[in-house]
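No hydrogens, no waters, no symmetry mates; every other heavy atom, side chains included, goes into these values.
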Amino acid sequence: MKYAVSSALLKQGFKYLYKNPEKNLLNLAKWAERFTADSTSEKQLQAFREAAEDPGSANHRFIMRIFNELEPHILEKIIRNFLLNANWVGYQKTKILRKKYNINIPWALLIDPTSACNLKCVGCWAADYKKSDNLSYDTLDRIISEAKEMGIYMFLFSGGEPLMRKGDLLKLAKKHSDAVFAPFTNATLIDEKFAAELNKAGNFIPIISIEGSREETDARRGKGTYDACIAAMRHLRKYKVPFGFSTCYHRNNTESVGSDAYIDKMVEEGALFGWYFTYIPLGRDADTRLIATPQQREYMYHRVREIRKHKPIFVLDFWNDGEYVHGCIAGGRQYLHINANGDVEPCAFIHYSNTSIHGQSLLEALKNSLFKEYKKHQPCNPNLLRPCPMFDNPELLVEMVHKSNAVSTHPAEPEPVEQLYKKCKPAADAWAPVADRLWKAHLRQQDQEG
């Protein structure tokens, strides 16, 4: 009853809001207060209210971009699915299940519908995958249905190139219209026709992988890829479909992808958010020379905060934003990864598993011993700027893999966890003193702010 009333109020509220978005933002913030389920959402709402009250702020300009650049029916659906379903209804369901079973229940699922890809990017672990692995439409549908029963309404896709299955993914988005779908995509398969279809669906948000300039992107992803990314962005912007960018920063591009010029270009092309990852040396042949230096990682730590403060776009860093999500979010704490073979992994970057989605429900899969090890050890370090059990605390990953009897899921040449440890340990040791200095400064600032 509460949901039905709230959904109706949301619909009416949007009609009212669109009459004068600038004037009515604060009223929307007041209305949204009833849906704050936890301290995180309360902080998010507080930030929204502050933005509504300050027209000159970057956050206010970002919010106005959302209203000006998206179709009203798309924005209404995204907010309903994200605010009501994922962060209100979903939170209540997962809270009950976490307590009942004493396990992690994620907020989002990351799924590989296929291992196939039409590119071969330098340093990509998926390049080692067999191209024939696929999760059937029925399996994907079952996973999504079971996830929603547990309160999960956010579904991310990777691969391979997930849009090799774009027909099935669009079909799933239309069937499960109460959820949000977002593929990490190289964008080469997004044409004007597909953008028009996404406009109709309203709940499908592409995240376009791009590595900086044309030269930097094409050097890693192949000639013509940068132009394909920009063309896709323009198709999506034409049809007022929300999208973001995903960028891997490494030794050769960090200063470029963290620059004002790069962010301004992404804003100009219509990206509403950006997701940064640092390069991880996965796979036996991974090039450790691409690992960002500690100084480059610190540069990105400061830059993402400066961008959020000054630019009308929301960016986050999968590694350097650990204090906001209380460390590692993998192992089902906030998300997990299901690869195209059906292996249920803690994270897209950690290719070890001891269970499969095949032959059992999602709930049963979440009870596996590796995820229980994650739950036992999270956060993985009291310094939340050293959140990862692989890249920042690799000795912990070795311990958890052995205790749970997990095995490598890397298909070409299974990688013993000790070998991954040897590749990550030097980077972890180099980052530790920098992270400790930043963390002490963060704690001092917290004390000063009361």
Side-chain angles (χ1 to χ4, degrees), residues 18 21-22 25 47-48 51 54-72 74-75 78 163 182-196 198-199 202 204-250 252-277 299-300 302-318:
Y18 267 101
E22 187 83 37
L25 277 181
F48 183 82
D54 183 4
S57 69
N59 284 337
H60 186 96
R61 289 183 285 128
F62 169 62
I63 293 169
M64 294 312 300
R65 279 191 63 209
I66 292 174
F67 282 101
N68 292 330
E69 296 178 20
L70 298 184
E71 289 274 22
I74 294 177
L75 181 56
I78 292 295
L163 293 189
F184 290 94
T185 174
N186 62 38
T188 58
L189 301 176
I190 297 177
D191 54 18
E192 187 167 354
K193 180 180 178 182
F194 187 60
L198 296 186
N199 176 287
F204 201 93
I205 307 173
I207 307 172
I208 295 175
S209 298
I210 189 168
E211 306 293 325
S213 66
R214 178 181 286 104
E215 181 181 3
E216 291 160 336
T217 299
D218 289 0
R220 187 158 184 238
R221 296 183 172 270
K223 187 175 181 179
T225 306
Y226 177 86
D227 289 339
C229 289
I230 299 302
M233 291 180 181
R234 291 174 181 175
H235 291 317
L236 294 168
R237 188 172 189 181
K238 175 180 178 180
Y239 287 93
K240 297 192 173 183
V241 174
F243 69 91
F245 71 86
S246 171
T247 293
C248 174
Y249 62 92
H250 49 78
N252 299 334
N253 75 341
T254 296
E255 290 76 15
S256 172
V257 299
S259 68
D260 282 343
Y262 181 62
I263 291 298
D264 291 344
K265 175 65 174 175
M266 293 298 97
V267 172
E268 176 189 340
E269 296 297 345
L272 291 171
F273 61 93
W275 204 326
Y276 286 106
F277 300 85
Y299 166 81
M300 289 303 300
H302 294 299
R303 281 300 295 151
V304 293
R305 287 153 182 78
E306 291 168 358
I307 292 166
R308 286 197 289 254
K309 184 176 181 180
H310 298 293
K311 302 292 184 180
I313 186 172
F314 179 75
V315 297
L316 53 85
D317 185 319
F318 199 71

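A search for side-chain contact (heavy atoms from CB on, under 4.5 Å) contacts involving Ala58 returns Arg61, not counting sequence neighbours. Residues passing the side chain to side chain donor-acceptor pair (under 3.5 Å) test with His235, sequence neighbours excluded: none. When the side chain to side chain donor-acceptor pair (under 3.5 Å) test is applied to Ser256, the partners found at least two apart in sequence or on another chain are Glu216. Residues that satisfy the side-chain contact (heavy atoms from CB on, under 4.5 Å) test with Glu269, not counting sequence neighbours, are Ile230, Met233, Arg234, Lys265. Residues satisfying the salt bridge (charged side-chain N to carboxylate O under 4.0 Å, His left out) criterion with Arg308, sequence neighbours excluded, are Asp321. Residues meeting the side chain to side chain donor-acceptor pair (under 3.5 Å) test with Asp54, sequence neighbours left out: none. Applying the salt bridge (charged side-chain N to carboxylate O under 4.0 Å, His left out) rule to Asp227 yields the partners Arg214; only residues at least two apart in sequence or on another chain are considered. In terms of the side-chain contact (heavy atoms from CB on, under 4.5 Å) criterion, residue partners of Arg65 (sequence neighbours excluded) are, by chain and number, Glu69, Val267, Leu272, Pro312, Ile313. Taking Thr185 as the reference, Glu161 meet the side chain to side chain donor-acceptor pair (under 3.5 Å) condition, with sequence neighbours excluded. Residues passing the salt bridge (charged side-chain N to carboxylate O under 4.0 Å, His left out) test with Arg221 are Glu211, sequence neighbours excluded. For Pro72, the side-chain contact (heavy atoms from CB on, under 4.5 Å) partners at least two apart in sequence or on another chain are Tyr18.
A salt bridge links Glu306 with Arg303: the closest approach of a Lys/Arg side-chain nitrogen to an acidic carboxylate oxygen falls below 4.0 angstrom.
Within 6.0 Å of CD in Glu215 there are 12 or fewer heavy atoms belonging to other residues, nucleotides or ligands.
With hydrogens and angles ignored, the 3.5 Å screen pairs no side-chain donor or acceptor of Tyr249 with any backbone N or O of Tyr276.
Residues Gly224 and Asp218 approach most closely at N-OD2, 3.2 Å, considering heavy atoms. When every heavy atom of Leu236 is checked against every heavy atom of Pro206, the shortest pair comes out as CD1-CG, 4.0 Å. Residues Asn59 and Ala51 come closest through the heavy atom pair CB-CB, 3.5 Å. When all heavy atoms of Leu189 and Leu163 are compared, the pair lying nearest together is CD1-O, 3.5 Å.
Going from atom CG of Asn252 over to atom CZ of Arg220 covers 10.0 Å, rounded to the nearest 0.5 Å. The structure places CG of Leu198 at 12.5 Å from CD of Glu71, a figure rounded to the nearest 0.5 Å. Rounded to the nearest 0.5 Å, atoms CH2 (Trp275) and CD1 (Ile207) are 5.5 Å apart. The distance from the CG atom of Asn68 to the CG atom of Leu75 is 11.0 Å, given to the nearest 0.5 Å. Ile190 contributes atom CD1, which lies 8.5 Å from atom SG of Cys229 (distance to the nearest 0.5 angstrom). Rounded to the nearest 0.5 angstrom, Ile74 CD1 and Ile66 CD1 are separated by 13.0 Å.
Counting heavy atoms from C-beta on, the side chains of Ser57 and Phe62 never come closer than 4.5 Å.
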Does Met64 form a side chain to side chain contact (heavy atoms under 4.5 Å, CB included) with His60? I'd like the steps, not just the answer. CA-CA 6 Å; Met64 294 312 300; His60 186 96; 3.8 Å; yes

Take Leu316 and Phe273, measure what side chain to side chain contact (heavy atoms under 4.5 Å, CB included) needs, and give me the verdict at the end. CA-CA 8 Å; Leu316 53 85; Phe273 61 93; over 6 Å; no

Which donor-acceptor pairs under 3.5 Å do side chains of residues 239-248 form with protein atoms, sequence neighbours excluded?
from	atom 1	to	atom 2	distance (Å)
Tyr239	OH	Glu192	OE2	2.9
Thr247	OG1	Ile210	O	2.8
Thr247	OG1	Tyr262	OH	2.7

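The aromatic rings of Phe277 and Phe184 lie perpendicular to each other, with more than 60° between the two planes, well past the 30° mark.
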